[in-house]
Protein chains: 2
Amino acid sequence: MNIGEVSERAGLPAKTIRYYEDIGMITPARGENGYRRFSEQDLHKLVFLGRARLLGFSIERCRNLLALYEDQGRASADVKRIAQQNLSEIDAKIAGLQAMRDTLADLVQSCAGDNRPDCPILKDLGAAPNR
Amino acid sequence: MNIGEVSERAGLPAKTIRYYEDIGMITPARGENGYRRFSEQDLHKLVFLGRARLLGFSIERCRNLLALYEDQGRASADVKRIAQQNLSEIDAKIAGLQAMRDTLADLVQSCAGDNRPDCPILKDLGAAPNR
DNA sequence: GATAAGGCTTCCAGTTAGTGGAAGGTCAAG
DNA sequence: CTTGACCTTCCACTAACTGGAAGCCTTATC
């Protein structure tokens, strides 16, 4: 099938699919006219990629996962390790954002939000460096 | 002061400070030798920038904030609006990550993580497209 | 005065994971 | 035969820096 169909079926923009070929994640065949010809297996890999990316796996992480996916003899422990690593990273990101959120929410709370120019948010941002 | 000192006092890498000049966030003076000469006010703006970036404000958002910061007549409501916008974006990011995290945690949980090749994580990633 | 270390300068390239657009070839319908 | 949709490559751009090379400037030491 052509890139348009595979794009729709995998739920990925054609541009992204071409990019994935560029970086060697997939290697679709080519027709006589130069068009990419995708097999069902190519589609499958793209779906896999799309879902893994949605789950926050980096491209390089996905490369590992795809390799494991295609290796019949791999242990599930290998996959679990990668997934857990990812989970920790997501947790760290959430914690970081949460801390930001709390500070920011405090600042927003303490700001009158009226016509007066006095604003605790700017005051805090401009505070002397304390690190 | 030179870039080294301002870098240390603002807690930002020199590279970053040069970058901030490049994109017009600051405009330090120049000495006869071509070195940047930073005023206390420059330092203050850099500290402001650093803290705002830590709180997740984008560079463009910071540009607005800096303008407001330097405008004596602005209303605190303007600042509050920008901060709130930022807060919503952070909340959305957290929610997205949380959803990812939950799915991924489920998958990790359900994987035996042993020597057998059977792995629910890969099975799920490779599932037929359902969107 | 020579020299070495460290700080400063600019510029180029690379990072992540794509996205936008231009110029042009191909295919199917009317 | 032409129109429009689809495909191709290539180049540039995104955000917010970071790394490195090549080359001045300053300061200290011998």
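Residue numbering restarts at 1 for every chain, and letters A, B, ... go by the order of the sequence lines.
- Near DNA chain D, meaning a heavy atom under 4.0 Å away, there are no residues from residues 84-104 of chain B.
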Working for side chain to side chain contact (heavy atoms under 4.5 Å, CB included), residues B:L66 and B:R63: CA-CA 5 Å; B:L66 260 184; B:R63 215 188 282 276; 5.8 Å; no
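- Atom pair A:F38:CZ and D:dC7:C1' shows a separation of 11 Å (rounding to whole Å applied).
- Under the 4.5 Å side-chain contact rule for hydrophobic residues, A:L49 and A:M1 share a cluster.
- Residues A:R61 and A:F57 share a closest heavy-atom pair of CG-CD2, 3.6 Å.
- Side-chain atoms of B:M100 and B:L97, non-hydrogen and from C-beta on, do get closer than 4.5 Å to each other.
- Within residues 14-36 of chain B, the residues having any heavy atom closer than 4.0 Å to DNA chain C are, in order of number, B:K15, B:R18, B:R30, B:G34, B:Y35, B:R36.
- When rounded to the nearest whole Å, the span between CG of A:N2 and P of D:dC6 equals 11 Å.
- Summarising the geometry, the separation between CE on A:M1 and P on D:dC6 is reported as 17 Å, rounded to the nearest angstrom.
- Other residues, nucleotides and ligands place more than 12 heavy atoms under 6.0 Å from the CD atom of B:Q98.
- In this structure, the separation between CD1 on A:I82 and CG on A:L87 is 13.5 Å, given to the nearest 0.5 Å.
- Following rounding to the nearest Å, A:R61 (CZ) and C:dA17 (C1') show an atom-to-atom distance of 15 Å.
- A search for side-chain hydrogen bond (donor to acceptor under 3.5 Å, both in side chains) contacts involving B:D106 returns nothing, not counting sequence neighbours.
- The separation between A:E8 atom CD and D:dA5 atom C1' is 14 Å, rounded to whole Å.
- In this structure the side chain of B:P28 never reaches within 4.5 angstrom of the side chain of B:R37, judged on heavy atoms.
- Residue A:E60 contributes atom CD, which lies 10 Å from atom C1' of C:dT16 at whole-angstrom precision.
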